[in-house]
Enquirer: 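Before I ask anything, let me first share the structure, which is written out below as structure tokens.
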Number of protein chains: 2
Amino acid sequence: MSSRRATISDVAREAGVSASTASVVFSGKVAVSDTTRAKVMRAADALGYTGPDPRAASLRTGRAGVVAVLFRERLGVAFRDPVTTAMMDGLTDALGPIGAGILLLTDEGPAESGPTLTTAPLDAAILLGCNEILQSSVDVLRRRGIPVVVIEGDAGSDVPRVLLDNVDAQRAAAEHVRSLGHDDVALVTLSTDATRARGFIDDSAPITVEVTRDRLRGAREVFPDAPAYAVSESSIDEGLAAGRVLLAGDRPTAIMAQSDLLAAGVIRAAEEAGLRVPEDLSVTGFDGITVDGLAPYALTTLEQDSLAKGRAAGEAVVAMLDGRDPASVTLTCTFRRGNTTGPLTV
Amino acid sequence: MSSRRATISDVAREAGVSASTASVVFSGKVAVSDTTRAKVMRAADALGYTGPDPRAASLRTGRAGVVAVLFRERLGVAFRDPVTTAMMDGLTDALGPIGAGILLLTDEGPAESGPTLTTAPLDAAILLGCNEILQSSVDVLRRRGIPVVVIEGDAGSDVPRVLLDNVDAQRAAAEHVRSLGHDDVALVTLSTDATRARGFIDDSAPITVEVTRDRLRGAREVFPDAPAYAVSESSIDEGLAAGRVLLAGDRPTAIMAQSDLLAAGVIRAAEEAGLRVPEDLSVTGFDGITVDGLAPYALTTLEQDSLAKGRAAGEAVVAMLDGRDPASVTLTCTFRRGNTTGPLTV
DNA sequence: TTGTAGGCGTTATCAT
DNA sequence: ATGATAACGCCTACAA
């Protein structure tokens, strides 16, 4: 046992061939005679050599086999949302062909996890729901020549994006609600900026999170004066809290939430307040996920294909890594009427 | 604009200093005069240099800033289980101090994602629910000198492990069930091996998944003859399917599931069959998670601290990276009686 | 089919 | 406080 780990030249020497030949045996890029291969393999075995060091290989080839996904929230929170997990599946599928691993990075780490985006070896990065903080990351990555794809966010015109038709979709839902006779509508939105502060949206403050802004705009095109309450994350609990606030005083006859989880929370708040859905309160969601345990309610919602979203992002990354220049993609949501919206009953 | 990306030597030359000095400016490891630092920074700016290339740095330092987590299932499936997400949070916390990213790898990728475990630059690996396939991965990693920690699995005595007292915990639950008078008990287990085949467990075939084996053993110590039906993953749907099978013929008076999600599915199956829980059927789970929408049921279950599990694994990794030699950790589950188990009513 | 040569971009060591 | 030098381990033209 030498103290040093064996390298490919050690193996080559032991096998009585040159280092490049040994390298070729492992990469399989060039034909090698069977006897040579056998010799090299035997030598490798004898030395306990398990293959090229990924670090050295990646320096040489310029490829690390890693694609990073940057989240804006704690991983636990992000993955609690089926939209995220489905997206990860789509991403995994699309990345399969290039055999890349997925590196999870977070925006707001506990201590000082900051540097990892610029510090970790990666071939490409996917940014989720880009906000002002991420913008700077994009700049760094782009200057470094690392392909970047943004999902539901804006990072300059020449960064490929995967988007939803949030404005249109939310407007369609709003029109549905109005067609039922509702006029007194309140909105529950996702977080508006990096602070994730809860509370009624002050229309003078800018909304830096694009999803939030777009869905809000869609709803406001139909209900310009609807009050909007922002929460800090997409979860049933946050929806419950928001619902309590909105149902406390002069209560609206309909509440439109920006995610299904939030909508589920709102429904709970309604039940808590002794209201029936949809007779006393109509509720809409967004995403089209199956919220466990919400039965017998079937949310009126906008269905999005999050698997396709992840896949599109993955495919864009693969294309960029391949030197191509993928176009941005806009996926379309489908309006689905459930049993949580109904006609206004005075 | 040169076609080549600027390197640290370019910056050094532009700044009129040596490459090593420039390097030190970026790493901050050694004192540098303010004027030198300023010069270097200005040069970097001018050349669009955004910092050392992680690939080269990792080759030189031997650190990639990446810890891999190897899953046995599709990511979407894994993350659908709150136990996993909580664990990831704990892991993130523990890894915070060393600022490492988390690389997600899967066992059974869609196409041929195989090589990434040996191909990706990583400093350490965490293996989840090790099975026979993983065993070989462990060997490779260990020979390569990459620290490995195994969560709920067995990979040889000198690999640090994070474990639960599965046998004891499950036995305790079984004793509770027996104390209620039940004698005719069926079990729903997690997958027994890499094939993940559904069906009744044939006691002659070995169970390679340790969690499954241990929880089964605990239950069998109390109910030696209880039939056990294995499912392919921990989900409500799989529990539902298993429940249907077990409740079809001569039905048991109690069903013990190896996870809360499975137990929730069993309860659904019971409702479907017109049975009341716990009057007609007692059900136990494992994990102690909150299953959304299971109210008003509160599962009788074994509570585990999955956050602590992830944290323990992360801490072990940090210790190993630090040259220390962490001991294995066994976490204890707490029995929690809910309202899904009741006395036998003939 | 195999070998030679050179460099990928960085940082640690040691000397100045 | 700064600089010269030498690896880190591998891969890919190109030559033989």
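Convention: sequence-line order gives letters A, B, ...; per-chain numbering from 1.
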Enquirer: Between Arg161(A) and Glu210(A), does any NZ, NE, NH1 or NH2 come within less than 4.0 Å of an OD or OE carboxylate oxygen?
Expert: yes
Enquirer: Spell out yes or no: do the side chain of Ser20(B) and the base of dA4(D) have one donor N/O and one acceptor N/O closer than 3.5 Å?
Expert: yes
Enquirer: With sequence neighbours left out, write down each residue that passes side chain to side chain donor-acceptor pair (under 3.5 Å) with Asp53(B), or none if nothing qualifies.
Expert: none
Enquirer: Do Asp45(B) and Arg42(B) meet the salt-bridge criterion of a basic N to acidic O distance under 4.0 Å?
Expert: no
Enquirer: Could you note down all residue pairs passing ring-ring contact (aromatic ring centres under 6.0 Å, His included) where residues 40-67 of chain B supplies at least one of them, sequence neighbours left out?
Expert: Phe26(B)-Tyr49(B)
Enquirer: Return the value, rounded to whole Å, for the distance between atom CZ of Phe26(A) and atom P of dG9(D).
Expert: 15 Å
Enquirer: Only one of Thr119(B), Val66(B), Leu103(B) passes side-chain contact (heavy atoms from CB on, under 4.5 Å) with Val66(A); say which it is.
Expert: Leu103(B)
Enquirer: Between Phe79(B) and Phe79(A), what is the ring plane arrangement, given parallel below 30°, perpendicular above 60°, and tilted in between?
Expert: parallel
Enquirer: Under 4.0 angstrom, heavy atoms only, what part of the nucleic acid is Val17(B) near: base, sugar-phosphate, or nothing?
Expert: sugar-phosphate
Enquirer: Is there side-chain contact between Asp158(A) and Arg142(A), with at least one heavy-atom pair below 4.5 Å?
Expert: yes
Enquirer: Could you go over nucleotides 6-10 of chain C and give all protein N or O partners under 3.5 Å, atom names and distances?
Expert:
| unit_1 | atom_1 | unit_2 | atom_2 | d |
| --- | --- | --- | --- | --- |
| dG6(C) | N2 | Arg60(A) | NH1 | 2.6 |
| dG7(C) | N2 | Arg60(A) | NH1 | 2.9 |
| dT10(C) | OP1 | Tyr49(B) | OH | 2.5 |
| dT10(C) | OP1 | Asp53(B) | N | 3.1 |
| dT10(C) | OP2 | Ile8(B) | N | 2.4 |

Enquirer: Side chains of Leu128(A) and Glu152(A): closer than 4.5 Å at any heavy-atom pair?
Expert: no
Enquirer: I'd like to know whether Leu164(B) forms a side-chain contact (heavy atoms from CB on, under 4.5 Å) with Thr330(B), so could you lay out the CA-CA distance, the side-chain angles of the two residues, the decisive distance to 0.1 Å, and finally the verdict.
Expert: CA-CA 5 Å; Leu164(B) 295 181; Thr330(B) 299; 5.9 Å; no
Enquirer: Compare side-chain N and O positions of Thr61(A) against OP1 and OP2 of dC11(D) and report whether any pair is under 4.0 Å apart.
Expert: no
Enquirer: Tell me whether the side-chain N/O atoms of Thr21(B) come closer than 4.0 Å to OP1 or OP2 in dT2(D).
Expert: no
Enquirer: Asp10(A) CG to dC8(D) C1': how many Å, rounded?
Expert: 13 Å
Enquirer: Can you measure Arg13(B) atom CZ to dG3(D) atom P for me and round it to whole angstrom units?
Expert: 14 Å
Enquirer: Got a sec, which pairs hit ring-ring contact (aromatic ring centres under 6.0 Å, His included) with one end in residues 308-331 of chain B, sequence neighbours left out?
Expert: none
Enquirer: When you measure from every atom of DNA chain D, which of residues 40-48 of chain A have a heavy atom less than 4.0 Å away?
Expert: none
Enquirer: How would you label the contact of Thr36(A) with the nucleic acid (heavy atoms, under 4.0 Å): base, sugar-phosphate, or nothing?
Expert: sugar-phosphate
Enquirer: Using distance alone, with no hydrogens and no angle criterion, decide if Thr21(A) and Ser18(A) have a side-chain donor and acceptor under 3.5 Å apart.
Expert: yes
Enquirer: Is any side-chain N or O of Ser33(A) closer than 4.0 Å to OP1 or OP2 of dT2(C)?
Expert: yes
Enquirer: Considering the terminal five base pairs at each end of the helix from dT1(C)-dA16(D) to dT16(C)-dA1(D), what angle separates the two local helix axes, rounded to 10°?
Expert: 30°
